[in-house]
Each structure stands twice: as structure tokens, then as C-alpha cells.
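Encoded as C-alpha cells, the structure appears first; notes follow it.
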Amino acid sequence: MREIYQEILLAKSQNKKLLAILLDPDKVELNRLSDLIEKIKKSPATHILIGGSIVESNKIDELIFLLKEKLTLPIILFPGNPSQISLHADGILFLSLLSGRNPDYLIEHQVNAVPLLRKSNLEIISTGYLLIESGSQTAVERVSQTLPLNRNNFEMVCKTAKAGEYLGNKLIYLEAGSGAKLAVPFEMIKAVSNEILVPLIVGGGIRSHQAIQTAFDSGADMVVIGTAFENDSNFFNFR
Ligand code: 1GP
């Protein structure tokens with residue numbers, strides 16, 4: 001079994017930046033998957049995340065199965081709820097939505113996921129998930145019925161991230177929301193990365209190579225790209 005979290009820690013210690021491509025099973029066309037896989041192979045991606053706020057189709061298992069036939073990158077679930085858990089993945093970001101005050105997303109879904117996770121070989125990586133206000137309502141906000149943290153209140157965001165670390169979260173994820181108008185402010189990434197010791201993931205609304213680089217330079221250990229790659233599978237063809 002691979003050790004996803006240890007590899008993330010090692011990368012952080014070596015200042016090697018990580019890039020995850022987020023695939024939403026509802027948006028991936030399985031009959032065109034080989035083309036997508038070729039694009040992923042040519043990209044600098046180091047991880048694949050699978051999930052979405054709401055996933056309606058039940059093709060997660062098949063998607064992961066097909067990806068694993070052709071790719072060696074770690075495949076990590078990034079579930080909006082327990083129905084998105086697939087036993088075929090390598091690991092799962094076991095998320096708690098720390099920015100919100102909805103008990104369902106803080107602990108209820110996690111409790112409900114246990115019977116399935118018990119049976120799995122997934123590497124379970126506890127992740128403090130912080131939704132940051134990004135200019136308009138996002139799917140995470142709508143689905144979780146929680147308010148994001150104010151994008152100007154760095155102190156509140158830092159305190160929340162640190163509380164997540166104190167609670168034992170192994171990763172902190174700053175999320176602007178998929179397709180966000182405004183990404184997480186770079187100064188906020190800087191402030192949070194100075195505050196916490198665990199690796200920092202940043203995603204939502206990042207749609208240029210420059211923005212990826214600036215997020216890395218600001219202290220993100222892993223950047224997640226969903227929409228930009230979804231809209232243009234040649235997005236990474238710059239090497
Ligand atoms: C969403 O952080 C991810 O959960 C990715 O967002 O789709 O905007 O790249 P984008």
C-alpha cells in the first residue's frame with residue numbers, strides 16, 4: 001500500500017510542490033477517458049482528486065477503476081458526502097467543514113461513513129476544510145448550508161486553521177469553491193502557511209499557471225485545479 005500522507009510530508013520537507021487535478025465524476029465522459037488520461041499523463045499533476053459537492057451519477061467506481069489501469073498517480077477521494085466513497089481509490093480526504101457550523105458537515109457525515117471505511121483499505125487523511133468567501137455563492141456553500149469565512153478576516157481564518165491542526169487534522173484545505181469568481185487571497189495563503197505546521201492545500205478559482213505559481217510561492221503545498229482543466233484539457237500543455 002502506498003503512503004500518501006507520508007509522501008505529502010516528504011514533499012513538503014523538500015519544498016517540492018504538489019498539483020492535484022480534481023475530476024468530478026458527473027463531468028467526465030467515460031467514452032473519452034483515454035484522451036483525458038493522456039492529457040493527465042502529460043501534465044505536471046502529482047495527485048488525482050475525485051469528487052464534488054453533489055455527484056449524481058454512480059460511475060465513481062468505474063471511473064477510478066479505469067484511471068488506475070492507466071495512471072500511477074495516487075487517487076484520493078474528495079467527497080461531498082459518504083455516497084461518494086469508493087473502495088477502489090487509494091485514499092480519502094476525511095473532511096470536516098471547520099469554517100461552518102453545520103453539525104452534518106462537521107461530524108454527522110463522518111460518523112455515517114465509518115461502516116464503509118472500516119471495510120476499506122483507503123488511507124484516511126483527516127483534513128480541516130475551510131471555505132473562504134469568493135465573490136458569489138458556491139456549491140459548497142449552497143449544499144452545506146454554511147457561510148464561508150470572510151476573505152478579509154485573516155485572523156479568523158488563521159485561528160480556524162490552527163484549531164483544525166490542534167484537533168489533529170493532518171492537512172488544512174483552503175477552499176474558495178469550485179469555479180469561484182475569486183480565488184483564496186495570496187496574502188491569506190501566506191498567513192495560514194505561517195500559522196500551521198501541517199501541509200496546506202489550496203483550491204477554487206485558480207485558472208492560470210501564474211496563479212498556481214503564486215499560490216505555491218505564498219506557501220501552498222498542494223494546489224487543486226478542477227474547472228480550468230475541465231474547461232480546457234490542454235490547460236497544462238505548457239511544458
Ligand atoms: C474545488 O478546489 C477545487 O473543490 C477546485 O476548484 O474547480 O475552481 O479549480 P476549481
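Predicted model only: the values in this text are computed from it and were never measured. Sequential numbering from 1 along the given sequence is applied to the chain's residues.
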Does any part of the side chain of [Y], heavy atoms only, come nearer than 4.5 Å to the side chain of [X], both counted from C-beta?
X    : Y    : answer
V184 : V157 : no
I50  : P25  : yes
L33  : L67  : yes
L87  : N121 : no
K68  : D90  : yes
D221 : I8   : no

Exercise for the section: Please report the C-alpha distance between I201 and M222 in whole Å, then the side-chain angles of each, then the deciding distance to 0.1 Å, and finally whether the side-chain contact (heavy atoms from CB on, under 4.5 Å) criterion is met. Expected result: CA-CA 5 Å; I201 305 180; M222 177 187 282; 4.1 Å; yes
Please check if the side chain of [X] supplies one atom and the backbone of [Y] the other of a donor-acceptor pair under 3.5 Å.
X    : Y    : value
K17  : A215 : no
H209 : F235 : yes
E141 : V143 : no
R207 : I225 : no
E165 : I196 : no

Using a 6.0 Å cut-off, check whether atom [atom1] of [X] has over 12 heavy atoms from anything other than its own residue.
X    : atom1 : answer
Q137 : CD    : yes
E56  : CD    : no
N58  : CG    : no

Which atom names give the shortest non-hydrogen contact between [X] and [Y], and what distance separates them?
X    : Y    : answer
L23  : I40  : CD1-CD1, 4.3 Å
P44  : L19  : CG-CD2, 3.8 Å
A220 : V202 : CB-CG2, 3.6 Å
K162 : E195 : NZ-O, 3.0 Å
S134 : K181 : O-CB, 3.4 Å
S218 : S193 : O-OG, 3.5 Å

Practice task
Check L10, I124, V198 against Y5 for a side chain to side chain contact (heavy atoms under 4.5 Å, CB included) and give me the one that passes.
Solution key: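 So, applying the side chain to side chain contact (heavy atoms under 4.5 Å, CB included) to Y5 and each of L10, I124, V198, only V198 qualifies.
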Exercise for the section: Check T160, I132, L174 against V192 for a side chain to side chain contact (heavy atoms under 4.5 Å, CB included) and give me the one that passes. Expected result: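 When T160, I132, L174 are each tested with V192, the side chain to side chain contact (heavy atoms under 4.5 Å, CB included) holds only for L174.
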Exercise for the section: Check the pair S34, E38 against side chain to side chain donor-acceptor pair (under 3.5 Å), reporting the backbone distance first and the verdict last. Expected result: CA-CA 6 Å; S34 33; E38 285 315 306; over 6 Å; no
Please determine whether residues [X] and [Y] belong to a single hydrophobic cluster, defined as Ile, Leu, Val, Met, Phe, Trp and Tyr linked transitively by side-chain heavy-atom distances below 4.5 Å.
X    : Y    : value
V140 : L182 : no
L77  : F65  : no
I172 : I107 : no
L147 : M156 : no
L171 : L167 : no

Practice task
Scan for side chain to side chain donor-acceptor pair (under 3.5 Å) pairs involving residues 106-115, sequence neighbours excluded, and state none if there are none.
Solution key: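 Sorted pair list comes back empty.
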Nearest 0.5 angstrom please: [X] [atom1] to [Y] [atom2], how far?
X    : Y   : atom1 : atom2 : value
I21  : T46 : CD1   : OG1   : 9.0 Å
Q84  : S53 : CD    : OG    : 8.0 Å
L66  : D61 : CG    : CG    : 10.5 Å
E230 : L36 : CD    : CG    : 9.5 Å
I76  : L22 : CD1   : CG    : 11.0 Å
K16  : E7  : NZ    : CD    : 8.5 Å

Pairs of donor and acceptor atoms involving the side chains of residues 91-103, under 3.5 Å and at least two apart or interchain, shall be tabulated with distances.
unit_1, atom_1, unit_2, atom_2, d
S96, OG, L106, O, 2.9
S99, OG, L131, N, 2.9
R101, NH1, L98, O, 2.9
N102, OD1, D104, N, 3.0
N102, ND2, S144, O, 2.7

Exercise for the section: Would you kindly say whether N153 and N150 are connected by a side-chain donor-acceptor distance under 3.5 Å? Expected result: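 The answer is no; no qualifying pair exists.
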Exercise for the section: Check the pair Y129 / Y173 against ring-ring contact (aromatic ring centres under 6.0 Å, His included), numbers first and verdict last. Expected result: CA-CA 5 Å; Y129 191 49; Y173 191 142; 5.1 Å; yes
